[in-house]
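Notes for the one structure printed next.
Reminder, nothing fancy here: chain letters follow the sequence lines and each chain counts from 1. Values below: all heavy atoms of this structure, side chains included; hydrogens, waters and symmetry mates excluded.
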Amino acid sequence: MSDQVTNQVTKTSGKSSLPASIAYALVAIAISTAFASGHLAIWLQNFGLGNYATYLEILVFLVIVVLAALATAMPGANRLTIISIAAFTGFFALTYNQEMLIKYLSLAALLFSIGMYGMIVSRNAVRVLMSIELMLNAVNLNLVAFARYVDPVHVRGQVFAIFILTVAAAEAAVGLAIVLAIYRNTTTVDMEKFNLLKW
Amino acid sequence: MPPQFELLTNWAQTSVEGFMLYLLAAIAIPCAFLVLFDRVIIRSGFFLIGVFGAICGLFLILQAQFLALAQLMIYAVGITLVVVIALMLTNPRLEQERMVAGQKERLGGLFVAALFFLVIYCALRSESWPISSLRMDPENVKLIGIALTTTYALPFEFASVLLLAALMGAILLAKAEPKENLSDISEGN
């Protein structure tokens with residue numbers, strides 16, 4: 001019964017937060033589109049700030065991040081939507097004028113950071129393993145991008161990616177087996193209750 | 001002398017590869033966040049398929065056909081299946097408990113992850129990459145096969161031994177104690 005009540009509460013708060021999320025999405029997409037089409041740089045130039053336009057992408061990124069922080073601070077805001085949009089538009093602004101290789105590497109770095117954050121904050125051990133899979137995938141993306149853009153003749157990057165795939169499969173099997181063994185002994189998968197090896 | 005800027009008048013000038021990259025990133029990034037923060041953990045296990053599928057698409061536009069299919073088979077099907085089965089075998093009551101660590105851990109994790117991304121991004125930008133202008137060989141699957149059986153033959157064999165050892169170890173770790181199992185079965189019958 002209490003679970004149903006809390007579910008209803010979260011659902012209604014999600015509905016009421018919809019305008020804030022949509023407003024943030026529109027603002028972030030408008031800023032990044034103006035940046036990509038070059039209107040923003042020309043607009044800055046008209047104000048006599050053309051010298052700062054070389055740092056425009058960092059400026060746009062900071063504006064998006066600060067707006068995201070403000071939007072999540074609003075009461076009942078849907079944080080997941082806002083953070084996703086902020087991450088994507090920030091990634092877009094930081095990489096739009098770069099070469100393709102840097103776009104791929106930045107995307108991989110972003111996915112790796114998301115996996116790292118999840119690995120630190122998750123309390124469910126299986127979710128920690130999922131985050132580790134995310135990080136391994138990001139590394140694979142790096143290697144394949146190197147194989148395409150740096151070494152397209154010998155494609156060594158793809159060979160190394162195959163080895164990482166193998167090790168990831170072994171890691172997933174052993175990790176989940178360990179989680180199951182611990183669950184059988186302690187009847188929990190909460191990371192904060194895994195203190196068997198503590199002094 | 002301030003740099004000159006031009007308006008991007010023709011959006012069709014942007015490359016298809018860049019467009020596809022951003023499209024797939026727009027799938028992968030929200031799915032990755034949903035994997036971390038979805039309240040129902042089994043659903044976040046399925047969102048993992050979204051991330052892996054988007055990365056499979058990235059491999060395809062990077063012309064790594066073999067790796068794209070291996071990614072689909074191993075990650076999007078195999079590993080996700082194992083993760084979901086592990087979720088089903090472990091405690092479903094945990095969904096209603098607090099899923100994320102306390103405020104201190106969250107701030108620490110956010111700081112570490114953001115700092116990591118910024119450091120990597122600055123390192124990427126400050127490097128001048130030796131980007132090759134050559135095109136990818138369309139028969140790169142053949143190249144991978146030749147490399148795996150000649151230059152990297154020894155690591156390839158070691159990988160198979162590692163997989164065998166890991167699977168045997170996983171079975172040993174995950175299987176229930178035989179005595180309790182036998183008594184359970186006899187009681188059940």
Side-chain angles (χ1 to χ4, degrees), chain A residues 3 37-38 41-42 45 50-51 54 80 83-84 87-88 91-92 100-103 105-107 109-111 113-114 116-118 120-121 123-124 126-127 130 133-134 137 141 144-145 148-150 152-153 155 158-159 161 163 165-166 169-170 172-174 176-181 183 188-189, chain B residues 2-3 5-8 21-22 25-26 29-30 32-33 35-37 41 48 55 58-59 62-64 67 70 74 79 82-83 86-87 89-91 94 96 99-101 105-106 109 113 116-117 120-121 124 129-132 134 136 140 143-144 147 152 159 162-163 166-167 169-170 173-174:
Chain A
D3 292 337
S37 64
I42 289 186
Q45 227 170 13
N51 286 327
T54 43
L80 191 60
I83 290 174
S84 301
F88 177 70
F91 163 70
F92 181 81
M100 285 305 292
L101 177 66
I102 292 183
K103 291 182 189 178
L105 298 186
S106 305
L107 178 60
L110 182 59
L111 286 177
S113 309
I114 293 173
M116 184 184 265
Y117 178 70
I120 295 171
V121 302
R123 291 183 73 204
N124 192 325
V126 183
R127 211 186 277 259
M130 288 187 212
E133 297 299 333
L134 266 183
N137 252 288
L141 184 55
V144 177
R148 167 72 178 81
Y149 283 104
V150 180
V153 179
V155 290
Q158 294 191 19
V159 178
F163 289 124
L165 222 62
T166 318
V174 174
L176 289 168
I178 290 174
V179 168
L180 286 184
Y183 175 70
T188 180
V189 284
Chain B
F5 296 101
E6 294 175 0
L7 277 182
L8 182 64
L21 166 71
Y22 285 119
I29 294 170
F33 278 114
V35 167
L36 302 191
F37 298 122
I41 188 163
L48 208 55
I55 289 178
L58 287 172
F59 285 178
L62 280 167
Q63 301 174 23
L67 268 174
I74 296 176
I79 289 183
V82 173
V83 165
L87 285 178
L89 287 176
T90 53
N91 191 357
L94 199 81
Q96 287 146 23
M99 283 196 320
V100 201
E105 284 85 355
R106 254 186 297 174
F116 180 83
F117 176 72
I120 294 284
Y121 179 74
L124 291 180
W129 295 96
I131 293 177
S132 166
L134 294 172
M136 193 90 165
N140 59 52
L143 284 179
I144 295 172
Y152 300 100
L162 171 78
L163 263 184
L167 290 183
L173 279 173

What part of [X] gets within 4.5 angstrom of chain A, counting heavy atoms only: side chain, backbone, both, or neither?
| X | answer |
| --- | --- |
| B:L134 | both |
| B:A147 | side chain |
| B:L62 | both |
| B:Y22 | both |
| B:L48 | side chain |
| B:L167 | side chain |

In terms of heavy-atom proximity below 4.5 Å to chain B, should [X] be classed as side chain, backbone, both, or neither?
| X | result |
| --- | --- |
| A:M100 | side chain |
| A:F88 | both |
| A:L110 | both |
| A:L141 | both |
| A:L111 | side chain |
| A:L105 | both |

With side chain to side chain contact (heavy atoms under 4.5 Å, CB included) as the criterion, how do A:L176 and B:V83 come out once you've worked through the C-alpha distance, each side chain's angles and the decisive distance to 0.1 Å?
CA-CA 7 Å; A:L176 289 168; B:V83 165; 4.0 Å; yes
Select, from A:V155, A:V174, A:V179, A:V144, the one with the greatest count of heavy-atom pairs under 4.5 Å involving chain B.
A:V144
Between A:I114, A:V126, A:L134, who has the most heavy-atom pairs with chain B when the cutoff is under 4.5 Å?
A:I114
I need the [X] [atom1] to [Y] [atom2] distance, nearest 0.5 Å.
| X | Y | atom1 | atom2 | result |
| --- | --- | --- | --- | --- |
| B:I131 | A:R148 | CD1 | CZ | 10.0 Å |
| A:K103 | A:F92 | NZ | CZ | 8.0 Å |
| B:L36 | A:L80 | CG | CG | 9.0 Å |
| B:I144 | A:Q158 | CD1 | CD | 4.0 Å |

Looking at B:Q63, is its backbone amide N or carbonyl O close enough to the side chain of B:N140 to form a donor-acceptor pair, meaning the two atoms are under 3.5 Å apart?
yes
A:R127 side-chain N/O to B:V35 backbone N/O, donor-acceptor pair under 3.5 Å
yes
In sequence, state the C-alpha distance, the side-chain angles, and the governing distance for A:Y183 and B:L89, and then conclude on side chain to side chain contact (heavy atoms under 4.5 Å, CB included).
CA-CA 9 Å; A:Y183 175 70; B:L89 287 176; 6.0 Å; no
From CA spacing to verdict: side chain to side chain contact (heavy atoms under 4.5 Å, CB included), B:L58, A:L107
CA-CA 10 Å; B:L58 287 172; A:L107 178 60; 3.5 Å; yes
What residue in [options] has the most heavy-atom pairs under 4.5 Å with chain A?
| options | value |
| --- | --- |
| B:V82, B:L162, B:I79 | B:I79 |
| B:G169, B:A25, B:P30 | B:A25 |
| B:L67, B:I120, B:L143 | B:L67 |

Angle between ring planes, B:F33 versus B:F37, binned at 30° and 60°: parallel, tilted or perpendicular?
parallel
Using every non-hydrogen atom in the two residues, find where A:A177 and B:A174 come nearest and quote the distance to one decimal.
CB-CB, 4.0 Å
